[in-house]
Each structure stands twice: as structure tokens, then as C-alpha cells.
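Okay, so here's the structure we're looking at.
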Amino acid sequence: MVLPILPLIDDLASWNTKKEYASLIGQVLLDGSSLSNDEILQFAKKEEVPLVALSLPSGKFSDDDIIAFLNNGVSSLFVGTQDAKIVDHLVDQLNVPKDRIVVEDNNVFYNQFIVKQKFSQDKIVSIKKLSKDQLTKEVITEVRTDRPDGLFTTLVVDQYERCLGLVYSSKESIAKAIDLGRGVYYSRSRSEIWVKGETSGNGQKLLQISTDCDSDALKFIVEQENIGFCHLETMSCFGEFKHGLVGLESLLKQRLQDAPKESYTRRLFNDSALLDAKIKEEAEELTEAKGKQEISWEAADLFYFALAKLVANNVSLKDVENNLNMKHLKITRRKGDAKPKFVAQAKSEEEESTGPIHLDVVKASDKAGIKRALSRPIQKTSEIMHLVNPIIENVRDKGDCALLEYTEKFDGVKLSTPVLNAPFPEEYFEGLTEEMKDALDLSIENVRKFHAAQLPSGTLEVETQPGVLCSRFPRPIEKVGLYIPGGTAVLPSTALMLGVPAQVAQCKEIVFASPPRKSDGKVSPEVVYVAEKVGASKIVLAGGAQAVAAMAYGTETVPKVDKILGPGNQFVTAAKMYVQNDTQALCSIDMPAGPSEVLVIADEDADVDFVASDLLSQAEHGIDSQVILVGVKLSEKKISEIQDAVHHQAMELPRVDIVRKCIAHSAIVLCDGYEEALEMSNQYAPEHLILQIANANDYVKLVDNAGSVFVGAYTPESCGDYSSGTNHTLPTYGYARQYSGANTATFQKYITAQNITPEGLENIGRAVMCVAKKEGLDGHRNAVKIRMSKLGLIPDDFQ
Ligand SMILES: NC(=O)c1ccc[n+]([C@@H]2O[C@H](COP(=O)([O-])OP(=O)(O)OC[C@H]3O[C@@H](n4cnc5c(N)ncnc54)[C@H](O)[C@@H]3O)[C@@H](O)[C@H]2O)c1
Ligand SMILES: N[C@H](CO)Cc1c[nH]c[nH+]1
Ligand SMILES: [Zn+2]
């Protein structure tokens with residue numbers, strides 16, 4: 001930025017009448033000898049001028065005054081050469097950086113703070129004298145062109161310095177732009193001055209004009225109005241600014257206008273207490289986050305809610321940037337210690353991470369307490385959508401290239417191809433033990449037996465009326481994409497839970513997708529072993545939303561599938577939701593399968609160690625998991641024994657930190673009878689229900705909502721996770737009310753058929769015609785009438 005002229009503010013009244021155009025220069029020099037301390041401070045804080053310099057008359061201001069000016073937005077101090085001692089004092093005593101001091105030498109001011117390093121005295125013009133004409137003259141004198149048409153290349157950017165487009169200016173258009181304070185250029189196609197927005201309505205408020213380093217291009221900083229800058233009705237000539245913080249800010253501003261009443265964003269805008277609570281929650285989660293992915297994730301959440309607060313209060317990101325700039329200019333800063341209450345909190349959190357692992361206890365009669373205890377930790381799918389959408393769109397549009405880029409970004413692995421084709425190379429099985437093969441084989445066989453038994457025995461046929469034969473028969477879904485999670489834990493068990501039923505259902509193509517390992521870019525040999533066993537054609541070496549998008553839309557190497565199945569983290573779930581709703585993808589999904597959960601019903605005779613181990617087996621899945629113990633007539637002693645067992649077993653687990661966080665939002669619910677306990681469970685609709693009660697089998701008939709049930713003391717949930725034969729891909733978050741877990745039918749669709757004889761047509765034809773007539777669909781009616789007439793089943797004049 002090279003600045004042609006520096007307005008000297010020696011009179012605030014003149015500034016107020018001229019600031020519309022005087023501020024276009026983007027810098028001012030406050031005259032320290034004419035202005036009072038208050039006037040200087042008010043100006044620097046409130047007027048939105050990027051560079052505010054101050055001339056220091058000798059002896060007028062104390063050291064404290066000078067520090068206050070520099071801390072409140074004054075960017076540089078102009079001092080005369082005769083005041084060399086002042087320079088030393090400022091640098092040595094007040095710690096003012098040298099590059100913020102502008103020194104005069106023979107009528108030229110030198111400094112490195114502004115880009116132009118020399119600034120001649122005659123370019124400093126009193127605001128009282130500065131006219132629009134003079135300003136125009138200065139800009140035109142400063143800018144150069146080597147174009148034959150004499151026009152000046154002009155870059156147009158918005159207030160966040162994002163490029164809107166490239167245009168041209170003439171001397172006249174510059175004069176008009178300064179005169180109107182609007183974006184005005186020269187149209188080469190129409191050979192005339194072009195007041196932007198005059199016909200389109202997409203005008204611009206002009207905020208600042210500057211030139212580049214060698215003065216052969218202008219930059220106009222503008223505030224773009226309405227749709228955008230480009231004649232194609234996009235924000236810029238290079239497309240929309242969808243992403244980043246500024247993109248999110250515009251989206252939230254839009255939502256403030258049009259978000260539906262029942263939407264989450266509207267709730268946030270209307271409920272400031274909720275918004276503040278979310279900001280605190282996200283700030284806390286950011287403090288706990290570890291590693292690049294988690295920290296960026298939590299920081300993104302915090303930015304989102306902070307932006308929502310800005311938008312709700314009509315504060316712009318630009319205001320925040322201005323504030324940051326001002327703070328950056330401060331020469332004395334706060335010591336930076338945290339407030340005492342946060343220091344205390346941090347300590348007690350440390351104590352919490354080593355203290356007893358304890359479940360809250362709540363009585364069934366305490367309705368409010370039960371509501372609290374049984375509500376799952378919040379899922380953030382809607383918030384994740386804005387992170388996931390660009391990933392999906394990029395993979396859809398750019399295929400393998402985008403897929404490989406995301407794998408490098410999120411999984412830290414640079415691959416040359418995203419797909420491993422069957423037969424899978426030997427080296428991918430390295431490290432697989434015989435014991436592991438046997439374990440996987442046993443599990444695969446049990447899952448196969450149970451899922452093969454689910455195949456329908458043949459075509460279902462029903463003669464609804466004599467001569468009307470209806471039938472229904474299954475067909476496999478041709479191509480299925482199976483997502484095998486691999487972020488925090490490798491799950492070959494999920495590979496077999498999805499792969500085996502797909503094979504049993506005879507899907508024609510089975511494609512696996514799983515994130516590659518950071519260490520060598522491969523997937524675990526156990527997953528490859530299962531892929532081979534179930535006849536998968538490919539393994540897509542990718543995870544997250546990008547893997548889902550690749551399978552939904554297809555890429556150069558990944559085949560497009562008809563259905564995507566499998567659990568995953570929130571990115572995976574959000575991406576599955578997206579592609580399911582996109583008719584262009586033509587892809588269905590299995591179910592919303594989120595963080596694992598279990599509800600155990602136990603009575604006084606239950607083994608406390610068994611109960612505790614079942615709760616912990618699901619608690620170790622993730623910090624979002626939830627485990628609930630519903631106790632039937634439990635004594636105080638029994639409750640305390642269970643709490644002890646939970647604590648002691650948990651402390652021995654390698655994932656104790658995860659368990660501790662899960663238990664913090666889990667609970668023991670106390671009921672007075674078995675029926676009441678089952679009612680409680682049906683209301684919660686758990687992914688897994690374990691019955692550790694006397695005569696457990698007798699109570700299965702009372703189960704209305706659950707993903708999978710584990711009956712009796714010797715049926716731990718882990719057996720269902722791996723080897724018993726039932727499927728472990730199950731609905732969570734209460735979706736067991738309406739969804740089944742994965743099963744053979746999940747990989748099939750049903751087709752119905754009917755075969756009608758003349759006798760059948762006689763039996764139902766009149767009914768069809770009657771209802772079609774009522775619906776005003778005469779074509780439907782005719783299709784029956786023509787046939788019945790030819791068969792002589794209705795008179796020729798039948799109406
Ligand atoms: N309900 C069920 O049936 C069931 C079964 C097994 C597992 N699960 C659940 O599945 C989940 C598995 O999650 P996971 O994380 O371990 O593995 P994952 O494979 O689902 O996710 C890992 C991928 O997430 C993506 N990712 C990570 N950070 C990202 C970011 N900041 N932006 C965009 N993408 C990012 C990366 O691409 C990475 O490959 C767990 O919550 C587990 O409880 C559920
Ligand atoms: N319990 C999980 C489903 O909620 C599945 C699983 C895989 N490995 C271990 N457990
Ligand atoms: Zn499990």
C-alpha cells in the first residue's frame with residue numbers, strides 16, 4: 001500500500017464534514033499540538049481509519065499519555081529531528097518499537113511502519129484545506145499506466161481484502177468515485193464511465209483507495225451490496241466466497257433473517273443463555289482437546305458459536321479484526337494470567353481426572369432427574385454439515401484428486417491411488433496371526449449362519465381374489481459400500497458384521513472403505529482378511545466424509561454404489577445424511593448409527609462384577625457413549641458394591657480416560673419392579689439391552705424398543721459385538737424405536753408382482769374404475785374399461 005497523501009487532523013469539526021472522502025486514503029496524522037488527550041484517544045478508538053499517526057510536540061504529553069495513545073490505536077509517532085532525544089527516550093524508556101517512530105530529515109519523514117518509507121512534508125495536507133479535487137489530483141498523479149488506452153488497472157476487493165474482480169479506471173471515473181464515495185470504474189466494452197450497480201442494483205460503498213508497490217495498479221476497497229460483484233450474479237468474478245469464517249458470517253447473517261422458527265440456529269439467536277452456555281461448553285472442550293484433528297475440530301465449534309453471538313448482536317468480523325489490530329498495536333500488555341476462578345477450576349478438573357469414577361443415582365419417581373439422566377450427550381450433526389458439505393462437493397466434482405488430498409489432510413497419509421483392488425496383495429496380510437484368523441473365521445461363520453437363516457424361503461404369493469395373484473420376492477442391492485471405522489480404533493469386527501450379510505444377500509459388488517494407517521498407508525490385515533473372505537472387490541483407502549462421497553458419487557477409481565452402510569464418527573454420519581438426501585447421488589443408507597450405548601437391567605441377585613464389566617465395555621467406546629444401569633429394588637449396599645466394582649475395573653482399563661468422561665454423563669436409575677424397569681428401557685430405546693435379572697428370558701416379551709437384547713448373566717454384550725452371530729451395527733440415540741439393526745434384509749430390496757386373469761379383472765375392475773373416476777384420472781379408468789369391454793364384462797355404454 002503506497003499512500004499518496006496524509007491528511008493532518010488539526011480540527012475535528014473539519015474532519016467530521018470531510019471524512020466521507022478524506023477517509024478513503026486510509027491514514028491520517030493527528031496534530032498533537034492542536035488536539036487534546038481525549039480527542040486523540042476518542043479519534044483513535046472510534047474512527048475506523050486503518051493507520052492513525054500522531055505528531056508529538058515536545059513536552060506536551062507525559063509518558064503515560066503516550067503509552068495510552070499507542071495502546072488505543074495510534075500506530076506511529078511523528079517526531080522532528082531536533083527531538084532526537086525524544087526518540088531515544090521513546091525507545092529506551094517506553095519500549096516503543098523503532099519502526100513506529102517517524103523521524104523527519106530535511107522535510108522528509110522516514111519510517112518503516114507504512115510501506116512508503118519516505119514521506120515529504122508537502123504531502124501532509126491540513127484537513128481544513130483538503131478538497132475532493134485535491135484528493136483526486138493526488139491519486140491521479142500517483143498512479144501510472146503503460147496501457148495504450150491510458151486506463152488504470154484496478155483491483156476491487158471487499159472489506160476483508162477478498163478479491164471481487166479486476167476492472168479499469170479512467171481519470172474521470174476516479175474523480176467520480178471519490179465524489180460519490182461509490183465504486184465507479186471505466187467500462188471498456190461500453191467506452192463510458194460505469195457506476196457499479198446503477199442498473200443492476202449491486203452497487204458498492206467505496207471504503208478506501210490505494211496503489212500497489214510501484215504505483216501501476218489501483219486497489220479499491222469496497223463494501224459490496226446485494227447479490228455480488230460479478231455480472232453472473234456471484235459475489236466475485238472468481239465465484240462465491242462460501243467458506244471460511246467470512247463465508248460462515250454471511251451464512252449466519254442470512255439465517256438470522258430466514259432460519260425457520262423450529263431450527264436450531266433460530267433457537268440459538270433467540271436464546272442468549274443457550275448461546276452463552278454453548279460458548280462455554282466449546283471453550284472447555286477446546287481446552288481439553290489434544291492433537292491436530294481434535295483441536296481444529298473444537299476450535300471450529302468455538303468459532304461457530306462465537307460468530308453466532310457476533311451476528312446476533314450485530315457485531316461484524318471486521319469489528320473483531322479492527323479490535324485485534326488495535327490490540328496488536330499495544331505496547332504494554334496485560335500480564336496474561338488467567339482470572340483466579342479459572343485457575344481454581346483447572347485445578348479441580350485435574351483432581352476430577354484422578355478421583356473416583358462414580359455413577360449418578362436417580363429414582364424412577366424423580367421425573368425431572370430421569371429426564372436429565374436419560375438424555376444422550378448432544379449430537380452436532382447439523383453443525384457439522386457446514387464442514388462436511390465442501391468435502392463432499394469437492395470429491396463429487398474433482399474425484400480421486402480431492403479424495404487423495406483429504407486423505408493426506410485428515411489421515412496424514414500421501415497415497416498414489418485411493419483404491420486397493422482384489423485379489424489383495426500378500427503384503428497387506430502381514431502380521432495376521434493364525435489365532436486371529438481362527439477367531440475371525442469363527443465369528444464369520446456364526447454371523448453367516450444367523451444371517452443366512454434370515455433369507456426368505458422363496459417368493460411370497462397370495463391370491464387376494466380369485467384370479468388376482470399378488471407376489472413379493474427379494475433381490476440383492478447390487479452395489480454396496482461398507483464403511484469400516486478406523487479413526488480412534490480399528491474395527492475388523494464391523495467389517496465382518498457388514499461384509500457377511502452383504503455376501504449372504506448376494507450383493508453383486510461389495511466395496512469396503514476404511515481410513516489408512518498413518519504408519520504405512522495400509523489398512524489393518526484383519527480388515528483385508530475379512531474383505532477377502534466376503535468377496536469384496538475393492539478397499540477404498542479413505543475415511544470420513546470423503547470416503548462416503550467417493551462411494552456415493554463414484555470417482556475415476558471408486559465405483560458408485562447404491563447403498564452405504566456402516567457406523568462412523570460425526571463426519572461419516574453427516575456425510576451419509578447428505579448423500580441420502582441428494583437425488584443426484586441416488587444412494588441410500590442403513591441408519592443413523594452413532595456413539596455406542598448400553599442399558600443394563602439388574603436386580604439384587606445380579607453379579608456386581610458382571611454388571612460393572614458390561615457397563616464399562618460400552619463406556620470405553622468413546623466419550624460420547626452413554627451407559628445406564630436400571631436397578632430393580634436394589635439395596636444401598638448393592639448400589640455401593642456396583643459403584644466400587646465400576647471404579648476398580650475402570651481404573652485397570654487402558655481407556656480409563658474415555659470411560660471417566662462417559663461415566664460423567666451416565667447414571668443408575670432405581671425402579672421398584674421389573675415391569676417399571678422394562679418400561680424405562682422401552683422409553684430410552686437403547687442400542688443394547690442387557691437383562692441380568694432372575695428369569696430374564698420371561699421378560700423379553702416386554703421389550704418393545706431395543707437394537708439387540710442380551711439375556712441372562714452369561715450373555716455379555718461383547719459376544720454380540722464379535723462372535724455370537726447377531727449383528728453389531730445397531731441404531732443408537734433412541735432410533736431403535738423405528739430402525740432395525742443391520743440384517744440380511746438391509747442388503748436387499750423387495751419387488752412385488754401381480755398376475756390378473758379375466759376372472760380377476762371381473763372381481764376388482766369395477767372398484768378400480770370407481771376410485772379412478774373419483775380421483776379424476778380417466779386414463780387409469782380406461783385401462784380397465786377397455787379390457788373389460790373386450791371381455792364383455794361391462795356393457796358398451798358403461799359409464
Ligand atoms: N453404532 C454402531 O453400530 C457402531 C459400531 C462401531 C463403531 N461405532 C462408532 O463409530 C465411531 C468411529 O469413529 P472414529 O473417529 O474412530 O473413526 P471413523 O473412521 O468414523 O472416522 C475417522 C475419519 O474421520 C475424518 N475426520 C477426522 N477429523 C476430521 C475433521 N476435523 N474434519 C473432517 N474429517 C475428519 C477423517 O477422514 C478420518 O479418516 C465411534 O464413535 C464408535 O463408537 C458405532
Ligand atoms: N459395540 C459397538 C457397537 O455399538 C461395536 C463394536 C465393535 N467393536 C467392539 N464393539
Ligand atoms: Zn462394542
Side-chain angles (χ1 to χ4, degrees), residues 289 291-301 377 379 384-392 394-395 403 405-413 418 443 483-498 512-518 523 526-527 540-550 565-576 590-598 614-627 655 658 662 686-688 690 707-708 710 716-723 726-733 735-736 739 741-742:
K292 189 172 165 184
Q293 284 186 352
E294 209 186 330
I295 292 174
S296 58
W297 171 267
E298 295 304 343
D301 283 351
Q379 265 197 328
I384 290 162
M385 280 300 184
H386 69 261
L387 290 173
V388 158
N389 290 359
I391 299 178
I392 297 176
N394 255 331
V395 173
L403 185 57
E405 267 176 33
Y406 285 123
T407 303
E408 187 174 358
K409 179 170 176 190
F410 295 125
D411 299 302
V413 179
S443 304
Y483 187 83
I484 320 299
T488 48
V490 187
L491 299 181
S493 56
T494 302
L496 74 88
M497 290 294 172
L498 296 170
F512 273 23
S514 196
R517 294 189 295 218
K518 218 182 204 147
V523 286
E526 292 79 16
V527 170
V540 180
L541 301 167
Q546 58 275 23
V548 172
L565 305 98
N569 64 15
Q570 316 202 34
F571 301 105
V572 174
T573 308
K576 281 169 66 184
D590 48 356
M591 73 189 93
S596 303
E597 55 194 40
V598 68
D614 284 343
L615 293 170
L616 294 174
S617 75
Q618 294 310 288
E620 76 171 351
H621 266 294
I623 58 169
D624 289 352
S625 292
Q626 190 175 51
V627 300
R655 291 165 76 105
I658 294 177
C662 165
E687 182 194 14
H688 307 104
I690 301 183
S708 199
F710 298 78
E717 191 274 343
S718 320
C719 288
D721 275 350
Y722 297 105
S723 308
T726 61
N727 209 290
H728 85 202
T729 310
L730 297 166
T732 59
Y733 218 69
Y735 278 109
Y739 281 94

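Both ligands and their constituent atoms are indexed starting at 1 by order of listing.
The side-chain heavy atoms of N394 and Y406, taken from C-beta on, include a pair separated by under 4.5 Å. The shortest distance between side-chain heavy atoms of L541 and P418 does not fall below 4.5 Å. Between K576 and D590 there is a side-chain heavy-atom pair separated by less than 4.5 Å. I384 is listed as a side-chain neighbour of W297, based on a closest heavy-atom distance under 4.5 Å. Two residues are said to be in side-chain contact when any heavy atoms from C-beta on lie closer than 4.5 Å; P492 and Y722 fail this criterion.
For the residues A489, S493, G707, the heavy atom positioned nearest atom 8 (N) of ligand 2 is part of S493. The nearest non-hydrogen atom to atom 5 (C) of ligand 1, considering only S296, A542, P567, comes from P567. Of the listed options F571, W297, Y483, F571 places a heavy atom closest to atom 30 (C) of ligand 1. Of all the listed residues (A489, G741, S596, G594), G594 holds the heavy atom that lies closest to atom 1 (N) of ligand 1.
At the top of the distance list for atom 3 (C) of ligand 2, counting protein heavy atoms only, stands E687 OE2, 3.4 Å. In terms of protein heavy atoms, atom 37 (O) of ligand 1 is closest to Q546 NE2, 2.9 Å. The protein non-hydrogen atom at the shortest distance from atom 25 (C) of ligand 1 is G544 CA, 3.9 Å. Counting only heavy atoms of the protein, atom 11 (C) of ligand 1 lies nearest to G568 C, 3.5 Å. The nearest heavy-atom contact from the protein to atom 9 (C) of ligand 2 is Y722 OH, 3.2 Å. If you check which protein heavy atom lies closest to atom 27 (C) of ligand 1, you get Q293 OE1, 3.5 Å.
The L730 neighbourhood of ligand 1 comprises atoms 1 (N), 3 (O), with distances under 4.0 Å to a heavy atom of that residue. Taking every non-hydrogen atom of L491 and a distance limit under 4.0 Å, the qualifying atoms of ligand 1 come out as 6 (C), 7 (C). The atoms of ligand 1 that sit less than 4.0 Å from any heavy atom of H728 are 3 (O). Counting the atoms of ligand 2 from 1 in the order shown, those under 4.0 Å from a heavy atom of H688 are 1 (N), 4 (O). The distance from ligand 1 to the heavy atoms of T729 drops below 4.0 Å at these ligand atoms: 3 (O). Listed by number with element, the atoms of ligand 1 under 4.0 angstrom from any heavy atom of G543 are 37 (O), 39 (O). Those atoms of ligand 2 with a heavy atom of E717 less than 4.0 angstrom away are 1 (N). Applying the 4.0 Å criterion to heavy atoms of T732 picks out, from ligand 1, the atoms 1 (N). Listed by number with element, the atoms of ligand 1 under 4.0 angstrom from any heavy atom of E687 are 1 (N), 2 (C), 3 (O).
Between N569 and ligand 1, an N or O atom pair is found at a separation short of 3.5 Å. The N/O atoms of H728, backbone and side chain alike, include none that comes under 3.5 Å of an N/O atom in ligand 2. Of the polar atoms of I484, none of the N or O atoms is found under 3.5 Å from an N or O of ligand 1, judged by distance alone. In terms of polar-atom proximity, G487 is counted as a contact of ligand 1, with an N or O under 3.5 Å from an N or O of the ligand. Between H621 and ligand 2, at least one N/O pair is under 3.5 Å apart.
Rounded to the nearest 0.5 Å, atoms OG1 (T494) and CG (L496) are 8.0 Å apart. For the atom pair CZ (F571) and CE (M385), the distance works out to 12.0 Å, reported to the nearest 0.5 Å. Taken to the nearest 0.5 Å, the CG atom of L565 stands 6.0 Å off from the CG atom of L498. Rounding to the nearest 0.5 Å gives a distance of 9.5 Å between NZ of K409 and CD of Q546. Distance check, rounded to the nearest 0.5 Å: OG of S708 to CD of E687 gives 9.0 Å. A distance of 11.0 Å separates OG1 in T732 from OH in Y739, rounded to the nearest 0.5 Å.
The two residues L403 and A542 have their closest heavy-atom pair at CD1-CB, 3.8 Å. Here the closest non-hydrogen pair linking S625 and P377 is O-CG, 4.5 Å. Residues S514 and V523 share a closest heavy-atom pair of O-CG1, 3.7 Å. The two atoms that bring H728 and S493 nearest to each other are CE1-OG, 3.2 Å, heavy atoms only.
Proximity of atom 42 (C) of ligand 1 to the protein is not indicated, since no non-hydrogen protein atom lies closer than 4.0 angstrom. Per-atom contact check: atom 7 (C) of ligand 1 touches the protein, criterion being a heavy-atom distance below 4.0 Å.
Under the 4.0 angstrom criterion for non-hydrogen atoms, M497 is not in contact with ligand 2. Residue contact check for ligand 1: S493 places no non-hydrogen atom closer than 4.0 Å to it. Within the 4.0 Å heavy-atom cutoff, A545 does not count among the residues contacting ligand 1. For the pair V572 and ligand 1, a heavy-atom separation below 4.0 Å is found.
With a 4.0 Å cut-off on non-hydrogen atoms, P515 touches ligand 1 through its side chain and not its backbone. Residue E597 does not touch ligand 2, judged by heavy-atom distances below 4.0 Å. For D411, every heavy-atom contact with ligand 1 shorter than 4.0 Å involves the side chain, none the backbone.
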| request: List the steps and the verdict of side chain to side chain contact (heavy atoms under 4.5 Å, CB included) for H688 and D721. | output: CA-CA 10 Å; H688 307 104; D721 275 350; 4.1 Å; yes
| request: Might you work through the side chain to side chain contact (heavy atoms under 4.5 Å, CB included) test for S596 and Q618, ending with a clear yes or no? | output: CA-CA 6 Å; S596 303; Q618 294 310 288; 3.4 Å; yes
| task | Would you sort out whether Q570 and D624 count as a side chain to side chain contact (heavy atoms under 4.5 Å, CB included), showing the intermediate values? | result | CA-CA 11 Å; Q570 316 202 34; D624 289 352; 3.5 Å; yes
| said: Is there a side chain to side chain contact (heavy atoms under 4.5 Å, CB included) between I690 and V598? Walk through the geometry before answering. | reply: CA-CA 7 Å; I690 301 183; V598 68; 3.8 Å; yes
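Closest approach between the Zn ion (ligand 3) and any N/O/S atom of D721 involves OD2.
For a distance bound of 2.8 Å, the N, O or S atoms of H728 include none lying that close to the Zn ion (ligand 3).
Side-chain atoms of D614 never come within 3.5 Å of backbone atoms of S617 as a donor-acceptor pair (strictly under, hydrogens ignored).
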